[in-house]
2 protein chains.
Amino acid sequence: MVEISCVDKIHGKMNRLTKSERKIAQYVLANYEKVLNCNITELAENAKVSDASVVRFCKTMGYKGYQDFKVNAAMDVLPKDRHFNPSLDKNDDTETICKKIFSSEISAMNRTLSILEMDQMEKAAEALRNAGKIVFFGTGGSLLVGKDAQHKFMKIGFCAFVYEDVDMQMMAASLLEEGDVAFGISHSGSNCHVLNCIKAAAENGATTIGLVSQGKTPISKQADISLYAATEKTMFQSESVSTRIVQLAILDSLLSILAFKDYEASYEAIQETRKATSNNKY
Amino acid sequence: MVEISCVDKIHGKMNRLTKSERKIAQYVLANYEKVLNCNITELAENAKVSDASVVRFCKTMGYKGYQDFKVNAAMDVLPKDRHFNPSLDKNDDTETICKKIFSSEISAMNRTLSILEMDQMEKAAEALRNAGKIVFFGTGGSLLVGKDAQHKFMKIGFCAFVYEDVDMQMMAASLLEEGDVAFGISHSGSNCHVLNCIKAAAENGATTIGLVSQGKTPISKQADISLYAATEKTMFQSESVSTRIVQLAILDSLLSILAFKDYEASYEAIQETRKATSNNKY
DNA sequence: ACACAAACTGAAAAATATTTTCAAAAACAT
DNA sequence: ATGTTTTTGAAAATATTTTTCAGTTTGTGT
C-alpha cells in the first residue's frame with residue numbers, strides 16, 4: 001500500500017482545480033500547520049471561499065470530508081518537519097545544527113530498520129550463538145564499533161575478541177576454525193585489511209559476517225552473511241557522521257536477539273559483569 | 001519548545017486517570033490508527049463510555065477538545081510502530097526485537113534532543129574550539145565514546161587525546177593547564193576515575209566538560225559545563241543499550257558546530273585525513 | 001458499618017461544526 | 001449574444017461536539 005502524502009496530493013491535482021478550490025489549496029499549502037487548528041468555517045474565511053467549497057475541495061482530494069482531510073493532513077506533519085534539508089548550512093545556529101544532526105541520524109536509523117534483512121539477522125545470531133570464538137575486524141571508526149560490540153558481548157557472557165593492530169587481526173583471522181565467526185565491519189565495505197581477514201577466516205572454514213554501509217561491496221560479496229546500514233550524507237557531503245550510530249544499533253539488535261535466546265544465562269552474566277565494575281562508582 | 005507526543009502524554013498520565021478515562025486511554029493505545037477514523041460517538045461506544053467522558057479525556061490530556069486531540073494524535077502516526085511497549089519480551093521474534101531496539105534508540109535520541117541545553121552546547125563548543133589540548137576521559141563503554149570522539153575530532157583537524165589506562169588518564173589530567181579542556185564521559189555520572197581526572201584538571205585551571213546520562217551527578221556537579229543524554233530502559237530493565245548511541249549523537253552535534261565555526265579549515269582537514277586512509281580501500 | 005463529601009459518569013440539552021441543497025453567478029461553447 | 005454547463009455561496013438540513021446537571025460511585029472520617 002503506497003500512501004500518497006496529503007501535500008503531494010494537493011500539488012498533484014493543483015492544475016485540475018477550480019478557482020475557489022485552488023484558493024483553498026494555496027492557503028493550505030502556505031499555512032499547513034495552522035490549518036490543523038481551524039474548523040471548516042475558519043478555513044473558508046481565511047481562504048476567502050464558502051464552507052461548501054471547502055467540503056468540495058476535501059472530496060476532490062479524495063477524502064471523505066473535512067475531518068478526514070484534516071486527520072490525513074496531520075499525519076504528514078512530523079515527516080514534513082523532519083524532511084527539511086538535513087545538510088548543514090553555514091548560517092545555522094547551534095540549535096539548528098543539533099536538530100539537523102539528530103534528525104539525520106534518526107532518519108538513518110529508520111531507513112536502516114526498513115532495509116534490515118531479518119533472515120540475515122537470524123542467521124547471524126545463530127552463528128554467533130554457536131560460535132567457538134568470535135572476532136571482530138575493522139580499522140579506524142569501524143574498529144571502535146568492533147570494540148563496542150566486544151564490550152557488549154562480554155557483558156552478556158560471550159567471549160569476543162578484537163585487535164587494534166592489523167597484523168594481529170590478520171593473525172587472529174588465520175587461527176579461526178570451523179564453528180568460529182569472523183565479523184568484519186567497514187563503512188565502505190572495501191577496507192582491504194578487513195577483506196583479507198574475512199577471506200582468511202573463510203578459508204579456514206569459519207563463518208563470516210559483513211557489516212557495511214553501501215550496497216554490494218567486496219566484503220559483502222565475500223561474507224556468508226551480510227548486514228547493511230543506511231546512511232545520510234550531511235557534513236560536507238562527506239562520509240556520514242551517522243554511520244557509527246547505525247552500525248551500533250544493528251549490533252545492539254543482534255545482541256538483544258542473542259540475549260533473549262538464552263535469557264537466564266544472559267541475565268546472570270549482566271549481573272556478574274556489572275558487579276565487576278561497580279566499585280568504579282563514586 | 002518541547003513537543004510531547006500524544007502517545008507519551010497518554011502513557012505519562014495513565015495512572016492519574018479515572019476509570020472511564022483509562023478505558024478510553026487503553027482503547028486509544030490499542031486501536032491507535034482506527035481512532036483517527038472515529039467520531040466522538042464511535043470512540044465512546046467502542047471504549048464503552050459516554051461521549052462526555054471522551055471530551056473530558058481529551059481535556060485531561062491537555063487538548064482543546066476531541067478534534068484537537070485527534071489532529072495531534074494523527075501527527076504521531078507516521079513514525080509508525082513507535083507506540084508499542086519497547087520492553088523486550090521473551091516471545092518476541094527477530095523482527096520485533098529489532099524494531100523495539102531501534103525504536104528505543106530513536107526515542108532516546110528524540111528525548112535527548114529535547115533536553116539538550118543549547119547554551120551548554122555553545123559553551124562546550126567554544127571551549128573546545130579555543131582549547132590548547134583536549135583530553136577525553138572515560139572507562140568501559142564510555143572510553144569507546146571518547147575514542148570515537150577523538151577519531152572524529154582528528155578528522156576535522158583537532159588534536160584530541162584519549163588514554164586507555166586509568167593511570168595514564170590521571171597523569172594526562174594532571175598535566176592539563178588553563179585553556180585546555182578535560183572532557184569526562186560517564187553513563188552513571190559517578191565513575192570515580194573520570195571524576196578524579198575532572199577534579200585534577202579543574203585544579204590546574206582547565207575547563208571541564210561532563211557528559212552523563214542521569215540527572216545531577218558527582219561529575220556533572222563538578223564540571224564547568226554539563227551535557228545530559230536521555231536513555232531508555234530496555235534489556236533486562238538494565239543499563240540502557242541506547243546510552244552509547246545518544247552520547248555519540250551529542251558528540252556528533254558538537255563536532256558539527258565546531259566544524260561550521262571554521263568551515264574552510266575543517267573541510268580541508270577532512271579531505272586530508274580521508275586521503276591518509278584511502279589506500280586502505282580494496 | 002455508616003454518613004457525608006468529593007469525584008465521576010452518562011443522558012440529554014445546547015452549542016458548534018459539517019454537509020447538502022439549490023438558486024444565482026460565472027465561465028464557456030456555439 | 002444566447003443557451004448550456006460549471007462553479008459558487010447562502011441557507012437549510014444533518015451530524016458532531018460540548019456543556020449541563022442529576023444520579024451514581026468512590027473514598028474518608030467517625
Side-chain angles (χ1 to χ4, degrees), chain A residues 6 9-77, chain B residues 6 9-77:
Chain A
C6 184
K9 271 190 188 174
I10 296 177
H11 273 126
K13 297 206 172 174
M14 186 62 96
N15 35 21
R16 269 169 288 164
L17 295 180
T18 68
K19 202 161 33 160
S20 61
E21 281 176 329
R22 193 163 312 174
K23 275 198 221 167
I24 300 167
Q26 277 158 354
Y27 182 83
V28 168
L29 290 175
N31 303 275
Y32 202 79
E33 308 221 1
K34 199 169 151 193
V35 169
L36 302 176
N37 293 316
C38 289
N39 61 32
I40 197 169
T41 310
E42 288 165 336
L43 172 53
E45 272 171 19
N46 291 335
K48 310 235 190 299
V49 298
S50 67
D51 295 11
S53 293
V54 176
V55 175
R56 277 189 291 260
F57 167 79
C58 295
K59 297 202 170 164
T60 304
M61 287 303 151
Y63 300 105
K64 277 185 290 190
Y66 182 64
Q67 286 307 328
D68 191 39
F69 160 72
K70 230 168 59 167
V71 164
N72 280 280
M75 293 208 271
D76 290 0
V77 163
Chain B
C6 184
K9 272 191 187 174
I10 296 176
H11 272 126
K13 298 207 173 173
M14 185 62 96
N15 33 20
R16 271 170 287 164
L17 294 180
T18 68
K19 203 164 27 164
S20 60
E21 283 176 328
R22 194 163 313 173
K23 274 197 222 168
I24 300 167
Q26 277 158 355
Y27 182 83
V28 169
L29 290 176
N31 303 275
Y32 203 79
E33 308 220 2
K34 199 168 149 194
V35 169
L36 302 177
N37 293 316
C38 289
N39 62 31
I40 198 169
T41 310
E42 288 165 335
L43 172 53
E45 272 171 20
N46 290 336
K48 309 235 191 300
V49 298
S50 67
D51 296 11
S53 293
V54 176
V55 174
R56 277 189 289 262
F57 167 79
C58 296
K59 298 205 168 160
T60 304
M61 287 302 152
Y63 301 105
K64 278 185 288 190
Y66 182 64
Q67 286 307 327
D68 191 39
F69 160 73
K70 231 170 59 169
V71 165
N72 279 279
M75 294 208 268
D76 291 0
V77 161

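Each chain gets a letter, A, B and so on, in the order the sequences are listed, and its residues count up from 1.
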[X] [atom1] to [N] [atom2], straight-line distance once rounded to whole Å:
| X | N | atom1 | atom2 | value |
| --- | --- | --- | --- | --- |
| B/Leu17 | C/dC8 | CG | P | 10 Å |
| B/Phe57 | D/dT18 | CZ | C1' | 17 Å |
| A/Arg56 | D/dT7 | CZ | C1' | 7 Å |
| B/Asp68 | C/dA17 | CG | P | 13 Å |
| B/Ile24 | C/dC8 | CD1 | C1' | 12 Å |
| A/Lys70 | C/dT16 | NZ | P | 16 Å |
| A/Tyr66 | D/dT14 | OH | P | 23 Å |
| B/Lys23 | C/dT9 | NZ | C1' | 10 Å |

Examine [N]: is either OP1 or OP2 under 4.0 Å from a nitrogen or oxygen in the side chain of [X]? Give yes or no.
| X | N | result |
| --- | --- | --- |
| B/Lys59 | D/dT19 | yes |
| A/Ser53 | D/dT8 | no |
| B/Lys19 | D/dT26 | yes |

Can you check side-chain contact (heavy atoms from CB on, under 4.5 Å) on B/Gln26 and B/Leu29, steps first, answer last? CA-CA 5 Å; B/Gln26 277 158 355; B/Leu29 290 176; 5.8 Å; no
Heavy-atom check, side chain of A/Ile10 versus side chain of A/Phe57, under 4.5 Å: yes
How long is the straight-line distance from CD1 of B/Ile24 back to CG of B/Asn46, given to the nearest 0.5 Å? 11.5 Å
Mind checking B/Val49 for me? I need base, sugar-phosphate or nothing, with any heavy atom below 4.0 Å counting as a touch. sugar-phosphate
Let me know, please, whether A/Gln67 or A/Asp51 comes out on the 5' side of the other along DNA chain D by nearest nucleotide. A/Asp51
Per B/Asn39 side chain, nearest of listed nucleotides D/dT16, D/dT18, C/dT18: D/dT16
Pair B/Tyr27-B/Val49, side-chain contact (heavy atoms from CB on, under 4.5 Å): steps then yes or no: CA-CA 11 Å; B/Tyr27 182 83; B/Val49 298; over 6 Å; no
So, the side chain of B/Lys70 versus the backbone of B/Cys38: is there a donor-acceptor pair under 3.5 Å, distance only? yes
Please figure out whether A/Val55 or B/Thr18 has its closest DNA chain C nucleotide nearer the 5' end. B/Thr18
